[in-house]
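One structure is given here, and the rest of the page talks about it.
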Protein chains: 2
Amino acid sequence: MTEDIINVAIVEDEDEIRGLLEQIIDRSPGFSCKHVYKDCESAIESIKDARPDVVLMDIQLPGINGIEGIKILKDQMPDTDFIMLTIRDEEGVIFQSLCAGATGYLLKETPPVKLLAAIREVREGGSPMSPGIARKIAMSFHPSAENPLTPREKEVLTRLTDGENYATISDKLFISGNTVRAHIKNIYRKLHVSSRAEAVVAAIKKNLI
Amino acid sequence: MTEDIINVAIVEDEDEIRGLLEQIIDRSPGFSCKHVYKDCESAIESIKDARPDVVLMDIQLPGINGIEGIKILKDQMPDTDFIMLTIRDEEGVIFQSLCAGATGYLLKETPPVKLLAAIREVREGGSPMSPGIARKIAMSFHPSAENPLTPREKEVLTRLTDGENYATISDKLFISGNTVRAHIKNIYRKLHVSSRAEAVVAAIKKNLI
DNA sequence: TGCAAAATACCCCATACGGGCTATTGCACA
DNA sequence: TGTGCAATAGCCCGTATGGGGTATTTTGCA
């Protein structure tokens, strides 16, 4: 399954960086880099011929950005692994990249030897991440530090995410429907929402339950 | 902030493995391992004296398991980093561990030199993961492969997750409220749910939007 | 060119839901 | 010892929501 030579493509608008990366990769044993693009538009047009194993993708690009680019390219080449290679480390772009289909996320400060190791790793079923990036991803699963809900409210909210209604919740918790309503009203007030749908979204996105 | 010597604690029930880990770590320059426990109960009781920088935590333990153990210990020591060290690589336990507060996740097959590197990495703001584990986490963000929803249904579902009601959605999409209802009915049927709350939970958990 | 799916639109009807109130009990902390 | 919060419980009321239908137009693919 794994080719001897890993076929790498690059999408990067800055000529100098692109050239440098191309040389580093193409001159390293076990790697080949014959397809480089300076924007997503050209990559989308001709990358089907390249059939790369791995694509190194910048985020800030003229025209279609790297995140939108991955959505399009990953769709065409589901077996290709995409590694973001960028200076941007804000949570927003990290999670947008992963949601678009990126499998790795490296900062441009990554030294060449680590970059090559990352390309190998992603082909071997890993998911190379710069340390600070990996930490942000792990933290995104951690329980929320400031959770305004009481234990009972968490209990009720959990059941709301399971789609239970007033009657079911009051049955299972052995309390009256009016009390369930009281808890839900308090949850809404604390989370600044006014419907079950908003409440469960807030609960999941902020790791409240 | 960073101590010269990293103070490591271990929670592991198998005597042999625990002893081996203790020796590997304690005999390595830059590391200290003076606090080892064979279950979470003993760790909870006396770990406050240890004040470890890093805890290596097994999952399968007699009594309180490693996941529940982290919930309790992380609460008491929020600045301590917890690394799961386990043979288990099922998605369930991986995400449960992260949600409990784990920052790293290593398989027991990890060679000593990599284990030590991981302990250093977690203290330097990283989040060490065995390659296959990291991949599973990255994949959890990827768009769902089999998404039964049409583009319009995705659009409507996205707005449901934003807490919009029939009227707002029909206004913004320039379609009648009846059409919005028709889309929502189709969404419910395809996702096997029967309420907004369930639909938005399914949408988020299965990366449908 | 024709079929299937998608997107649009409408109807009836019961009820689960959300907003606005008030009230009691028990516990903890000051 | 009282102030505050959590948890419990009740009431009224309007409406947004969900289940059951049917029908038309547009779009995309074979």
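The model shown is predicted, which means the values in this text are computed figures rather than measured ones. Naming: A, B, ... by sequence-line order, numbering from 1 per chain. These numbers come from the heavy atoms of this one structure, side chains and all, not from hydrogens, waters or symmetry mates.
Protein atom CZ of B:R196 is 13 Å distant from nucleotide atom C1' of C:dG18, rounded to whole Å.
Residues B:S144 and B:N147 bring no donor and acceptor atom of their side chains to less than 3.5 Å of each other.
With respect to A:R135 and B:D81, a salt bridge is recorded, a charged nitrogen being found less than 4.0 Å from a carboxylate O. Ion pair A:E153/A:K190 flagged as a salt bridge, since at least one NZ, NE, NH1 or NH2 atom sits closer than 4.0 Å to an Asp/Glu carboxylate oxygen.
Counting heavy atoms from C-beta outward, A:I44 and A:Q76 have side chains that approach closer than 4.5 Å. In this structure, A:Y105 and A:S130 have side chains that are not in contact, with every pair of non-hydrogen atoms separated by 4.5 Å or more.
A cation-pi arrangement, defined by a distance under 6.0 Å to the six-membered ring centre and an angle within 45 degrees of its axis, is absent between A:R181 and A:Y188.
Within residues 145-156 of chain B, the residues approached by DNA chain C to less than 4.0 Å at the level of any non-hydrogen atom are B:T150, B:P151, B:R152, in residue-number order. At a non-hydrogen distance threshold of 4.0 Å, A:Y166, A:R181, A:K185 from residues 166-187 of chain A come into contact with DNA chain C.
The minimum heavy-atom distance linking B:D13 with B:L61 is given by the pair N-CD2, 3.6 Å.
Evaluated for a side-chain contact (heavy atoms from CB on, under 4.5 Å) with A:K108, the options A:I17, A:L21, A:L115 yield exactly one hit, A:I17.
Nucleotides of DNA chain D with any atom under 4.0 Å from a heavy atom of chain B span, from 5' to 3', D:dT17 to D:dG21.
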**Request:** Start with the C-alpha distance between B:I83 and B:V55, add both sets of side-chain angles, then the distance that settles side chain to side chain contact (heavy atoms under 4.5 Å, CB included), and finish with yes or no.
**Result:** CA-CA 6 Å; B:I83 300 177; B:V55 176; over 6 Å; no
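In this structure, B:D162 contributes its side chain and B:E164 its backbone to no donor-acceptor pair below 3.5 Å.
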